[in-house]
Colleague: 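Quick one: the structure is below, questions incoming.
Every value quoted in this text rests on a predicted model; they were computed, and no experiment measured them. One-based numbering along the sequence shown.
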Amino acid sequence: MLICLTYNQKQCANKQLFLIVLLFVSAIQLAAPFRSSWGVRTKSLGFSWKGIGDHVNDGISPQARDAATLFALTDKGKAFPEQTPHSGRHFSPSHPAYRFQLLRRLQRRSRFMEGWYYRLTIPEQNASFAFIISIEDAGKPKSKLRLACIQVVGPDDTYLVQADPDDTKFWGMKSKQALGYTFEYNNPNGTLNENELRQATALERHDWLEQVKSGFQILPTSLLGRVNGHDGTLGGVLDGQGIPGHCEFDFTVDPVCGWGSAKSTGGWLSHFSVFEPHWQVTMADGNATGRVTWHNKTYDFSNAKFYAEKNWGAALPSKWYWTQCNSFDGYQQLSVTAGGGVRGIPFGGKESLGMVCVHYNNVFYEATPWTGEMQWNVTTWGSWELSGKSIYGDRPFEAKVSYQVDPEESPGLVFRAPTPDEGMVYFCRDTFDAHTKLTLWELDKTPRGFVRKPGPPLIDGATSRQGGAEVGGGPWWDTWTATSKVSKPILALLRFPVRIQSFTQRRLFRGRR
């Protein structure tokens, strides 16, 4: 991997050298044909890690012979056109289906976690579910924090958790968002023998349902799971540390939009180990059809709203807030994601930054530090007031979104997240019942600057009673009011592709005239 990909802020003694190296790599990458995602293609620099962590055994059951099924179950190619960068895994699996990773210890000696968050919203039944999966310190036998975990949050702040310190059962694909873990097999003497089961990664649905008693299999457009865990509000995360509970889920997803035109949520620098942690929304909006059984109650649904994102790095931010909603009253396709926090930057620094981004009728509105500005006012619990503005690109806009809950009626659910030193512990509070309101204005450029277009807003007070909102880390002693700020050198790098794109658009426009 490139030196700058594994640059450790403690090992870097010269800030100017770091910026020179980063600018050099940036120039080489941006000289290549522009991509809609502005993703960095490390192979274009001649670096390849082929063979490190690649499959030896694809883990496909003998029955999977149909070409479409084979493609869905193998680690090759994009799963769908809207697939975003970083959809594939970043951790190095210790699962036996992968080659022995000779350089794993050299690649990552420090703590590393990867987590996936999937939210299902069923407006007709006033129900929401979150499926939260994480793997910590995979392939590090000396780590006491190794853990594979699934947390499921259900209606009325109910909560199940199931975990196992055996990381060798966790598999993940590099080319697409596909991952899984089997806590317990149901029928070792069935279609697949014991050795095949141990080597298997993605299975066909009927094989998985036959063989797996407890576990999960997440594919790009389908989610399968049987969780035999316990009440996560009490005790620890391992078996026998709480009141037993059960959940099953089996549904497919039709993607509506990924993240803009298949962009990186954190900007093109997220392809490098510049920030900690990393964040990627992998599906801002989708439609799900299937079934969830939760504490003996079954929820059948068709075209329910679906959302997916992921994090990776040493741990989650030291302090953050997050909001999301894609089930607005009267809107077929409207999704808003907003969040911010304190993240680490090179040379031991930290910065507070945030964003507000909207997908509306196949158009992406992005207010981030490199496309505009963003402010927030978040209380310790109960109110999230966020606003953003972007004057870059061909669709300048301003947006305001608020999430409100009554702290006494909706105290939220405290659940676990990976931490640097203590592993999976209670670290954040979440609600699915926030009253949400979103307004978005288009802007016109005038001699006095950018002003709102005459007439009603493009999105005029869209509302929902199923907004997701969260606070995490801390301390949260008081209301957090701030404006997103990024250090000037990093901001200049982040904005470089945006400025090049704006320049190219202006040249094309003039050429057409």
Colleague: Is a side-chain N or O of Lys437 found less than 3.5 angstrom from the main chain of Lys400, in a donor-acceptor match?
Modeller: no

Colleague: Has the side chain of Lys319 got a donor or acceptor atom that lies under 3.5 Å from a matching backbone atom of Pro475?
Modeller: yes

Colleague: Please check: side-chain N/O of Thr371 versus main-chain N/O of Glu366, any donor-acceptor pairing under 3.5 Å?
Modeller: yes

Colleague: Please round to the nearest 0.5 Å and tell me the distance separating atom CD of Glu210 and atom CZ of Arg205.
Modeller: 12.5 Å

Colleague: Can any side-chain N or O of Thr368 pair as donor or acceptor with the backbone N or O of Met355 at less than 3.5 Å?
Modeller: no

Colleague: Do the side-chain N and O atoms of Asp231 and Thr233 include a donor-acceptor pair separated by under 3.5 angstrom?
Modeller: yes

Colleague: Does CG in Asn361 sit with more than 12 non-hydrogen atoms of other residues, nucleotides or ligands closer than 6.0 Å?
Modeller: yes

Colleague: Answer yes or no: is there a side-chain heavy-atom contact under 4.5 Å between Val281 and Thr84?
Modeller: no

Colleague: Using a strict cut-off of less than 4.0 Å between a Lys/Arg side-chain nitrogen and an Asp/Glu carboxylate oxygen, indicate whether Arg89 and Glu114 qualify as a salt bridge.
Modeller: no

Colleague: Please report the closest heavy-atom contact between Gln466 and Ser327, naming both atoms and the distance.
Modeller: CB-OG, 3.8 Å

Colleague: Rounded to the nearest 0.5 Å, what's the gap from CD on Glu385 to OG1 on Thr379? Could you check?
Modeller: 9.0 Å

Colleague: Can you confirm if the aromatic rings of Trp441 and Tyr365 lie within a centre distance of less than 6.0 Å?
Modeller: no

Colleague: Work out which heavy atom in Val414 is nearest to a heavy atom in Arg429; give both atom names and the distance.
Modeller: CG2-NE, 3.9 Å

Colleague: Tell me, with the steps shown, if Phe397 and Val363 meet side chain to side chain contact (heavy atoms under 4.5 Å, CB included).
Modeller: CA-CA 12 Å; Phe397 75 96; Val363 178; over 6 Å; no

Colleague: If you look at every heavy atom in Arg146 and Asp137, which pair is closest and at what distance?
Modeller: CG-O, 3.0 Å

Colleague: Side chains of Lys305 and Tyr307: does their closest heavy-atom pair fall under 4.5 Å?
Modeller: no

Colleague: If you look only at distance, which donor and acceptor atoms sit under 3.5 Å apart when one is on a side chain in residues 217-224 and the other is two or more places apart or in another chain?
Modeller:
from, atom 1, to, atom 2, distance (Å)
Gln217, OE1, Leu203, N, 2.8
Gln217, NE2, Leu203, O, 2.8

Colleague: Which word best sums up how the rings of Phe427 and Trp320 line up, parallel for under 30°, tilted for 30 to 60°, or perpendicular for over 60°?
Modeller: tilted

Colleague: Is a side-chain donor or acceptor of Thr419 paired with a backbone partner of Gly423 at a separation under 3.5 angstrom?
Modeller: yes

Colleague: Taking atom CG of Asp156 as the centre, report whether more than 12 heavy atoms of other residues, nucleotides or ligands fall under 6.0 Å from it.
Modeller: no

Colleague: Tell me whether the centres of the aromatic rings in Phe364 and Trp259 are closer together than 6.0 Å.
Modeller: yes

Colleague: Enumerate, atom names and distances included, each donor-acceptor pair closer than 3.5 Å involving a side-chain atom of residues 125-135, sequence neighbours excluded.
Modeller:
from, atom 1, to, atom 2, distance (Å)
Gln125, NE2, Asp300, O, 2.8
Ser128, OG, Arg119, NH2, 3.3

Colleague: To the nearest 0.5 Å, how far apart are NE2 in His95 and OG1 in Thr201?
Modeller: 6.5 Å

Colleague: Do the two ring centres, one from Trp381 and one from Trp384, sit under 6.0 Å apart?
Modeller: yes

Colleague: Donor-acceptor pair, Glu136 side chain versus Pro418 backbone, under 3.5 Å?
Modeller: no

Colleague: Under the side chain to side chain contact (heavy atoms under 4.5 Å, CB included) rule, what do Val425 and Arg416 come out as? Steps first, then yes or no, please.
Modeller: CA-CA 5 Å; Val425 297; Arg416 297 170 175 85; 5.6 Å; no

Colleague: To the nearest 0.5 angstrom, please state how far the NZ atom of Lys174 sits from the NE2 atom of His90.
Modeller: 11.0 Å

Colleague: Do Leu160 and Gln151 have side-chain heavy atoms sitting under 4.5 Å apart?
Modeller: no

Colleague: Are Val152 and Trp294 packed together at the side-chain level, in the sense that at least one heavy-atom pair is separated by less than 4.5 angstrom?
Modeller: yes

Colleague: Run the numbers on Val227 and Phe183 for side chain to side chain contact (heavy atoms under 4.5 Å, CB included), then give the verdict.
Modeller: CA-CA 9 Å; Val227 180; Phe183 294 102; over 6 Å; no

Colleague: Any donor-acceptor pair under 3.5 Å linking the side-chain atoms of Gln333 with those of Asn362?
Modeller: no

Colleague: Kindly give the heavy-atom pair with the smallest separation between Lys76 and Ser175, and that separation in Å.
Modeller: N-OG, 3.3 Å

Colleague: At what distance, to the nearest 0.5 angstrom, does CZ of Phe301 lie from CZ of Phe306?
Modeller: 9.5 Å

Colleague: Quick one: does Asp167's side chain have a donor or acceptor within less than 3.5 Å of a partner on Leu147's backbone?
Modeller: no

Colleague: Just to verify, which of Lys310, His86, Glu309, Gln280 counts as forming a side chain to side chain donor-acceptor pair (under 3.5 Å) with Thr265?
Modeller: Gln280

Colleague: Rounded to the nearest 0.5 Å, what's the gap from CD on Glu398 to NZ on Lys389? Could you check?
Modeller: 5.0 Å

Colleague: Strictly by modelled atom types, are Asn326 and Gln324 linked by a side-chain donor-acceptor pair under 3.5 Å?
Modeller: yes

Colleague: Where the side chain of Arg111 meets the backbone of Pro420, is there a donor-acceptor pair that is under 3.5 Å apart?
Modeller: yes

Colleague: Can you find a pair of side-chain heavy atoms, one from Leu386 and one from Met374, that are under 4.5 Å apart?
Modeller: yes

Colleague: Give a yes-or-no answer on whether the side chains of Gln177 and Tyr118 include a donor-acceptor pair shorter than 3.5 Å.
Modeller: yes

Colleague: For the rings on Tyr181 and Trp116, is their centre-to-centre separation under 6.0 Å?
Modeller: no

Colleague: Does Thr380 form a side chain to side chain contact (heavy atoms under 4.5 Å, CB included) with Val471? I'd like the steps, not just the answer.
Modeller: CA-CA 8 Å; Thr380 56; Val471 294; over 6 Å; no

Colleague: Please check: side-chain N/O of His359 versus main-chain N/O of Gly260, any donor-acceptor pairing under 3.5 Å?
Modeller: yes

Colleague: Return the minimal non-hydrogen interatomic distance between Leu145 and Asp421, and the atom names on each side.
Modeller: CD1-O, 3.9 Å

Colleague: What pair of heavy atoms forms the shortest contact from Phe91 to Pro93, and how long is it?
Modeller: O-CD, 3.4 Å

Colleague: Answer yes or no: is there a side-chain heavy-atom contact under 4.5 Å between Phe328 and Thr436?
Modeller: yes

Colleague: If we ignore hydrogens and angles and just use 3.5 Å, is the side chain of Thr439 paired with the main-chain N or O of Asp460 as donor and acceptor?
Modeller: no

Colleague: Identify the residue among Tyr117, Trp279, Trp376 that makes a ring-ring contact (aromatic ring centres under 6.0 Å, His included) with Trp322.
Modeller: Tyr117

Colleague: Could you check if a side-chain atom of Trp370 sits within less than 4.5 angstrom of a side-chain atom of Tyr392, using non-hydrogen atoms only?
Modeller: no

Colleague: Do Asn303 and Thr289 have side-chain heavy atoms sitting under 4.5 Å apart?
Modeller: yes

Colleague: With a cut-off of 6.0 Å (strictly less than), are more than 12 heavy atoms of other residues, nucleotides or ligands near CZ of Arg452?
Modeller: yes

